[in-house]
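First the structure, in the form of structure tokens, and then the observations on it.
All figures in this text were calculated on a predicted structure; none of them were measured in a lab. In what follows, chains are A, B, ... by sequence order, proteins preceding strands, each numbered from 1. All heavy atoms count here, side chains included; hydrogens, waters and symmetry mates do not.
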2 protein chains.
Amino acid sequence: MHNPFIQISGSKRSLHVQVAREIARKILSGEVAQNEIIPSEMVLCEQFSVSRTALREAIKLLTSKGLLESKPKVGTRVKSRDNWNFLDAQLLDWVIDLGDNAFVYQEFLALRKAIEPEAAALAAQNATAQQRILLSATFQQMDYVSKNFDAKQWMEVDMEFHRLVFLSTGNSFYLPFANVLCTMFKSFISHSSEKGGTCIGEHRAIYSAIMAGDAEKAREANKRLLDTTNHRLPTSN
Amino acid sequence: MHNPFIQISGSKRSLHVQVAREIARKILSGEVAQNEIIPSEMVLCEQFSVSRTALREAIKLLTSKGLLESKPKVGTRVKSRDNWNFLDAQLLDWVIDLGDNAFVYQEFLALRKAIEPEAAALAAQNATAQQRILLSATFQQMDYVSKNFDAKQWMEVDMEFHRLVFLSTGNSFYLPFANVLCTMFKSFISHSSEKGGTCIGEHRAIYSAIMAGDAEKAREANKRLLDTTNHRLPTSN
DNA sequence: CCCTTATAATTATCATATAATAGCGATTGA
DNA sequence: TCAATCGCTATTATATGATAATTATAAGGG
């Protein structure tokens with residue numbers, strides 16, 4: 001009863017994640033409407049050619065991210081959009097795969113503008129000695145890559161820089177943004193890499209302010225960075 | 001082999017959620033260290049007196065929230081703290097249950113200060129007609145409750161007000177904050193309800209600015225509100 | 001000493017059976 | 001006729017046992 005097609009077509013990830021991904025796609029794209037009851041377990045098992053175990057694990061995964069809700073006798077219902085946890089990296093990955101990404105990028109930029117300046121300010125206040133060392137090393141790589149430019153390398157070091165800022169806030173609620181940001185950066189290569197526009201100056205200002213422990217300066221520097229990258233349109237990979 | 005004790009001691013929720021909650025508690029409290037391998041499925045099944053089905057669903061739930069990671073042969077490992085999704089309402093609920101809440105409240109306030117002013121500004125720009133109607137109705141209730149004060153009612157209407165602001169942003173990434181905020185408000189009754197300190201004036205300013213479509217005014221008004229509630233210490237329920 | 005292969009431990013998946021839940025209709029009594 | 005109660009049934013929830021896939025570790029060979 002094993003269907004190798006799904007194994008091959010999907011990634012190397014586990015079966016229930018592949019099934020979850022397919023169901024998520026239908027929900028996120030609107031192919032399955034909100035508040036709608038999806039087919040019963042038995043039907044979906046046949047549809048995906050997987051066991052109830054795998055299917056139920058997929059449904060549980062989507063439930064955890066706020067996409068579904070199951071009840072005996074009544075079935076499994078698609079929850080309304082305000083319950084979908086877009087701040088979950090895996091869900092965000094599925095969203096990005098839909099392709100409607102210029103809009104997602106703009107929405108994400110609006111989030112960054114709210115959260116990153118404050119994160120930089122908090123990092124200036126709370127970064128540990130080790131985090132400052134990491135940030136320092138990362139910025140030096142950044143500086144190097146900006147002079148010997150390579151799009152992929154820049155994305156990686158840029159991502160690592162901002163990731164470290166979030167981790168250095170010392171605030172639990174800022175931590176998840178690190179993963180969300182990484183997911184976005186990986187999906188939008190060249191999001192800020194056009195014609196050498198690496199904004200190294202703005203990054204240096206953020207870096208210096210954090211190292212100096214100057215929260216206000218870090219906040220303002222990060223605002224400037226985001227205002228600079230404002231108009232750039234993303235290129236999906 | 002069914003153990004009724006767990007059914008009774010836990011809530012009315014499903015078995016795997018109860019098991020997940022217990023494991024989450026051990027992880028979040030540090031009783032189980034980060035990067036540590038937890039006991040195998042068989043051992044945990046006996047420990048919790050549940051079937052492998054229930055236990056595995058519990059582990060899958062925690063995996064989805066970034067707390068665990070499983071591999072064949074190697075086992076199930078506790079992920080490092082920067083992978084825990086504190087912006088998941090269910091996980092936050094577990095965190096709150098640990099009791100160490102004054103600190104969590106302060107961290108959450110630091111998040112609100114970053115996100116809420118921008119959310120208010122976006123809401124002023126993007127709220128739909130229906131959302132404005134809802135916000136209007138909610139503020140009127142708020143106004144009423146502030147004059148006929150009741151702590152629980154105030155919490156509910158205050159929560160609903162800020163929730164609506166997030167939903168009115170029209171930005172997917174702001175939506176999850178609505179649920180996170182609700183979870184926090186429900187857990188910290190009287191977080192801003194001391195001696196009639198309902199901040200109705202500040203709320204009115206936010207409300208008016210959003211209805212008028214004045215983003216800058218909405219942002220500033222929300223900043224004022226959060227600076228006002230700054231020093232208040234929470235009381236856990 | 002390194003590379004390959006075999007082993008074993010653990011999770012992953014499958015299959016089937018039984019229990020709990022709750023919508024819905026039938027039945028009954030006023 | 002209406003309303004409350006009871007029983008039926010579809011669906012998910014949980015349990016159990018078996019088999020497959022994965023990979024760290026050890027064994028063996030060059």
Between [X] (side chain only) and [Y] (backbone N and O only), is there a donor and an acceptor less than 3.5 Å apart?
X	Y	answer
B/Arg77	B/Asn35	yes
A/Arg25	A/Glu31	no
A/Tyr174	A/Ser168	no
B/Arg132	B/Ala127	yes
A/Gln47	A/Leu44	no

How close or far is atom [atom2] of [N] from atom [atom1] of [X], stated in whole angstroms?
X	N	atom1	atom2	result
B/Met42	D/dT16	CE	C1'	10 Å
A/Glu57	D/dT14	CD	C1'	14 Å
A/Ile38	D/dT12	CD1	C1'	12 Å
B/Lys60	C/dA12	NZ	C1'	7 Å
A/Leu61	C/dA12	CG	C1'	15 Å
B/Ile37	C/dA9	CD1	P	16 Å
B/Arg77	D/dA24	CZ	C1'	12 Å
B/Leu55	D/dA13	CG	C1'	15 Å

**Q.** Side-chain heavy-atom pair A/Phe166, A/Leu175 within 4.5 angstrom cut-off
**A.** no
Name the nucleic acid region contacted by A/Thr53, choosing base, sugar-phosphate or nothing; use a 4.0 angstrom heavy-atom cut-off, strictly under. base
Does a nitrogen or oxygen in the side chain of [X] sit under 4.0 Å from OP1 or OP2 of [N]?
X	N	answer
B/Arg56	C/dA12	yes
A/Ser51	C/dC14	yes
A/Arg52	C/dT16	no
B/His16	D/dA13	no

Exercise. Would you indicate whether A/Glu46, at its atom CD, is surrounded by more than 12 heavy atoms from other residues, nucleotides or ligands within a distance under 6.0 Å?
Key: no
Compile the donor-acceptor pairs under 3.5 Å between side chains in residues 54-68 of chain B and protein atoms, sequence neighbours left out, one pair per line.
from    : atom 1 : to      : atom 2 : distance (Å)
B/Arg56 : NH1    : B/Glu41 : OE2    : 2.5
B/Arg56 : NH2    : A/Glu57 : OE2    : 3.3
B/Glu57 : OE1    : A/Lys60 : NZ     : 3.3
B/Glu57 : OE1    : B/His16 : ND1    : 3.4
B/Glu57 : OE2    : A/Arg56 : NH2    : 3.3
B/Glu57 : OE2    : A/Lys60 : NZ     : 3.4
B/Lys60 : NZ     : A/Glu57 : OE1    : 3.3
B/Lys60 : NZ     : A/Glu57 : OE2    : 3.3
B/Thr63 : OG1    : B/Ile59 : O      : 2.7
B/Ser64 : OG     : A/Ser64 : OG     : 2.9
B/Ser64 : OG     : A/Lys65 : NZ     : 2.9
B/Lys65 : NZ     : A/Ser64 : O      : 3.2
B/Lys65 : NZ     : A/Ser64 : OG     : 2.8
B/Lys65 : NZ     : B/Asp88 : OD1    : 3.2
B/Lys65 : NZ     : B/Asp88 : OD2    : 2.8
B/Lys65 : NZ     : B/Gln90 : OE1    : 3.3

Base-pair string, DNA chain C, Watson-Crick plus G-U, cut-off 3.5 Å on both distances, | for inter-strand, is ||||||||||||||||||||||||||||||
In B/S/- notation (B base, S sugar-phosphate only, - none; protein heavy atoms under 4.0 Å), nucleotides 5-11 of chain D written 5' to 3' is ----BBB
Is the distance between the ring centroids of A/His203 and A/Phe161 under 6.0 Å?
yes
